[in-house]
Visitor: 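One structure coming up, written as C-alpha cells, with questions to follow.
Quick caveat: nothing in here was measured; it's all calculated off a predicted structure. Within every chain, numbering begins at 1; the chains are lettered A, B, ... in the order of the sequence lines, protein sequences first and strands thereafter.
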Number of protein chains: 2
Amino acid sequence: MSATSQADPVSAKAHAFSSVFGQLGPQMAELDRFLREQLAAFEPEIRAMADYCIDTSGKRIRPALVFLSGWRGPGVVLPDLVRVAAVVELVHLATLVHDDIMDGAEVRRSRRTATREFGSTAAVLLGDALFAHALNLATQFPTNEVCSAVSASTRRVVSGEIMQTLRRGSADVSRADYQRIIDLKTAELFHVSCLLGARLAGSAPGYVDAASRFGRHLGIAYQIYDDLADFFGEEKRVGKTLGTDLASGKLTLPLFLLLDRLPAPARDELVAEITGQRPVQTGLHFQQMRELGIFDGVASAVMAEVKLATDALQPWPNEPPTPLLRSLGDVLQAQVAALRPVS
Amino acid sequence: MSATSQADPVSAKAHAFSSVFGQLGPQMAELDRFLREQLAAFEPEIRAMADYCIDTSGKRIRPALVFLSGWRGPGVVLPDLVRVAAVVELVHLATLVHDDIMDGAEVRRSRRTATREFGSTAAVLLGDALFAHALNLATQFPTNEVCSAVSASTRRVVSGEIMQTLRRGSADVSRADYQRIIDLKTAELFHVSCLLGARLAGSAPGYVDAASRFGRHLGIAYQIYDDLADFFGEEKRVGKTLGTDLASGKLTLPLFLLLDRLPAPARDELVAEITGQRPVQTGLHFQQMRELGIFDGVASAVMAEVKLATDALQPWPNEPPTPLLRSLGDVLQAQVAALRPVS
C-alpha cells in the first residue's frame, strides 16, 4: 500500500463533531501555538521527531471537549484550558503513535506514521516521550489534581487497549467485556477532558460532575458509532476501509448483535472467521447485517448513551457549556442517522 | 535460544553494588510491600500482568539510591522515600518492558520477558500502564515537585534511548554523542533518585544539590563500567553474553578507544563491522583491546567520573548519607579493578 492510497481514519472519526467545533477557532489557534511552544521542552536531538507527531491536522476532539466544557463565551480563551487541552491531546497522540506500531499502520493524517518514518523501536520510545511530556505539563498547575487525574486516566486507557488486544481473534468475549473496553479505551479520556475543562473554568462541583458524566457517555456513544460506521459507512465518506474490525478479529457491537441473530450454522461460521479458522467473508456479513436489522440495534445503543449524556446536563440548563455539549449529542445522532442503509 | 539458556543481564549489572545495598533490608522489605500494594490500583483485568512485571528479584539500584541519599540510620524507613523509590523503580521497569520488546529479549531475571509472555503489542501497552501508574503515584505528594522531576527525567531517559537507537549500526557517532546518550539514558534516573531521596529526607538545599550531582556522575561511571564489562567481563560472572554492544552496532567507549588506536586498515574493517557491511569478528577485537591497552583508558574514564561523584560530597562529610554514597564509588572502583585482564 502506498503512502498516499490509505485513507485517514482519524479525520473521518472526528468529522462527526466538526460543525460544533467550528466555534472553537480562537481556542484551537491558541492550542496550536501552545503545542508548538512545547517542542522547546524536548531534547534538541528528538525535537524534530516530536514536531512530526504534534501535527496540527487532526480534528482534536479531546481538546475540543476541554474547551466546550469550560466554555465562557466566543473568543474567551482561558490559559488553564489551553494547557490541559494540550495535555490530553499529547496523551492521545502518544497512544496513536503506539497504536500505529501495533497495527503496522503506514499512514495517518495523510502522512507516514511515526513507526514508518522512524522505525518501530524509535516510535515506542517517542510515544513514551510524548506521554512523559504530557504528564510533565500536567504538573504545571498549582496542585496535583490535573496530573493525578490524567495519569490515572492514561493507565485506564491503555488497560482498555490491553484487554482489547488480548481478546483479538477470540469469540469468547462478552458484551460486558466490550462495554468495559470501550469505557476504558475511549470514554475515559472523553470523561477526563470534560471534567478538567469544567473544573479549570471554575464551575461548581455539581456541574463538574455533570460534565464528566456527559463526557463518559458521549465517549461510549462515539465509540459505538465508530464501530457501527465500520460496517455501515461508505468508504469514501468514512475515509477508511470498512470491515477492518471483523478482519482483525475484533468483536464489536454490530458483530455481537449479528451473532445473536444468526441461525446456528451461520453463527458457527462467523465464529470460525473471528477466530481465524476460516477466511473472513466480509461481503456476506454486510448483507446479513442489513437483512437482520443490525443497524437499528446498534443505533439504539448509541442513542441510549447520548440520552444518558444529555440527561446528566438536565439540571444545569443555564450553565454556559450546556447548549454546546448538548449539540454534540445531536450531531452524533444525525451522523448515526446518515449511516442508515437505504431499504 | 531457550527460555532458560539466556542469562540475566540485570542482576549482573546490579551485582557491583550489592555489598552496600545489603544494609537496606528494612527499606527494601517495605518497598516490596508497597509495590505489591500498588497492584490494587491497576484495573483487575491487567493486574496479573502488572504483577508479573513488578517482580522482586531485581537488585533495585535506583530505589537503593533513594534510600541511601535519604539515609537517616539503620532501620529508619521514611514513608516518603518508600513511595518515591517505588516511583523510580516503576519508571525503570517500564523502560525495561519496552527495551525487551525492541531487543527481542526472551528472558530477564530468569523469567520470560513480558513481550515473550504476553506478546509485543500487549507489552508496549503494559509498559505504558507502568509509566502512567508511576507518575500517578508521584502525584501523591503534597506538591507537584516529585511528579514534575520524575516526568521530566522520564522524557530525558527515553530521549537518550532514542538517540542510541537511531545511531545503531552507524560509525558516524562522536564521543560527545556517547557522553550525551549515557548521561540521558542512565545518569538521569540515578540523578533524580539521589535528588529526591535527599530532598524528601529533609536535607538542606546544598546537600540535595550535592547528592544529585553525585547521582549523575555515579550513573555515568556505572554505564561506562557496564560498557567495559561487555568486553572485559567473564561471561559466567557478568552473567551475560559478551560483545553484544559490538554485535548490535552500538558504539561504546571501549570501541571508541579501539578505533582511535587501531592502524587505518584494521580501523576500516572495524567500521565496516559496526555498520553491518562485514561479519563481526568479536574474538579478534577482544584480542586487539587487550594488546592496545583499551582497558586502562576506559577504567580511567570510570575513575574520573567516580571522583567527580565523590568530590560533590566533599563539603558534606557529616551528613548521614555521605559515607554510604562514597562507598558506592569505592565498590564500583573495585569492580572495575576486578575486570582487569591478567597480563
Side-chain angles (χ1 to χ4, degrees), chain A residues 41-46 49-50 91 94-95 98-99 101-103 118-166 168 177 180-181 184, chain B residues 41-46 49-50 91 94-95 98-99 101-103 118-166 168 177 180-181 184:
Chain A
F42 287 85
E43 280 48 53
E45 297 90 338
I46 70 155
M49 300 170 76
V91 167
T95 66
H98 283 179
D99 282 353
I101 298 167
M102 303 180 295
D103 297 343
F118 308 118
S120 62
T121 300
V124 169
L125 295 163
L126 189 57
D128 294 345
L130 293 171
F131 267 133
H133 186 62
L135 293 171
N136 187 252
L137 203 50
T139 65
Q140 295 172 15
F141 289 92
T143 73
N144 271 317
E145 185 188 5
V146 173
C147 193
S148 178
V150 174
S151 56
S153 271
T154 301
R155 190 189 59 228
R156 288 195 280 266
V157 168
V158 297
S159 298
E161 290 178 341
I162 291 173
M163 292 173 212
Q164 178 174 284
T165 298
L166 296 179
R168 280 207 179 184
D177 291 335
R180 170 90 169 136
I181 288 168
L184 291 168
Chain B
F42 287 85
E43 279 49 53
E45 296 90 339
I46 71 155
M49 301 170 74
V91 167
T95 66
H98 283 178
D99 281 353
I101 299 168
M102 303 180 295
D103 296 343
F118 308 118
S120 62
T121 300
V124 170
L125 296 163
L126 189 57
D128 294 346
L130 293 171
F131 268 133
H133 186 62
L135 294 171
N136 187 252
L137 203 50
T139 65
Q140 295 173 15
F141 288 90
T143 72
N144 271 316
E145 184 189 6
V146 173
C147 193
S148 177
V150 174
S151 56
S153 270
T154 301
R155 189 190 60 228
R156 289 194 280 264
V157 168
V158 298
S159 298
E161 291 178 340
I162 292 174
M163 292 172 212
Q164 178 173 284
T165 298
L166 296 179
R168 279 209 179 186
D177 291 335
R180 170 90 169 136
I181 287 169
L184 291 168

Visitor: Heavy-atom cut-off 4.5 Å, strictly under: side chain, backbone, both or neither for B:Thr143 against chain A?
Guide: backbone
Visitor: Any heavy-atom pair between the side chains of B:Met49 and A:Leu166 that's under 4.5 Å?
Guide: yes
Visitor: Side-chain donor-acceptor contacts of residues 124-133 of chain A below 3.5 Å, not counting sequence neighbours, with atom names and distances?
Guide:
| residue | atom | partner | partner atom | Å |
| --- | --- | --- | --- | --- |
| A:Asp128 | OD1 | B:His98 | ND1 | 3.2 |
| A:Asp128 | OD2 | B:His98 | ND1 | 2.7 |
| A:His133 | ND1 | B:Arg155 | NH1 | 2.9 |
| A:His133 | NE2 | A:Gln38 | OE1 | 2.8 |

Visitor: Might you work through the side-chain hydrogen bond (donor to acceptor under 3.5 Å, both in side chains) test for A:Asn144 and B:Thr139, ending with a clear yes or no?
Guide: CA-CA 6 Å; A:Asn144 271 317; B:Thr139 65; 5.2 Å; no
Visitor: Chain B heavy atoms under 4.5 Å from A:Ala134: which part of the residue, side chain, backbone, both or neither?
Guide: neither
Visitor: What residue, out of B:Ala123, B:Ser120, B:Ala41, has the most heavy-atom pairs lying under 4.5 Å from chain A?
Guide: B:Ala41
Visitor: Closest heavy-atom contact between B:Ser148 and A:Asn136?
Guide: O-ND2, 2.9 Å
Visitor: For the interface with chain A, which of B:Glu45, B:Gln164, B:Met163 has the highest count of heavy-atom pairs at distances below 4.5 Å?
Guide: B:Glu45
Visitor: If we define contacts as heavy-atom pairs under 4.5 Å, which of A:Ile46, A:Thr95, A:Ile162 has the most with chain B?
Guide: A:Ile162
Visitor: Using a cut-off of under 4.5 Å for heavy-atom pairs, which of A:Glu161, A:Glu145, A:Gln140 has the most such pairs with chain B?
Guide: A:Glu161
Visitor: Test of understanding: with side-chain contact (heavy atoms from CB on, under 4.5 Å), list the residues that count as partners of A:Pro44, not counting sequence neighbours.
Guide: A:Arg47, B:Arg180
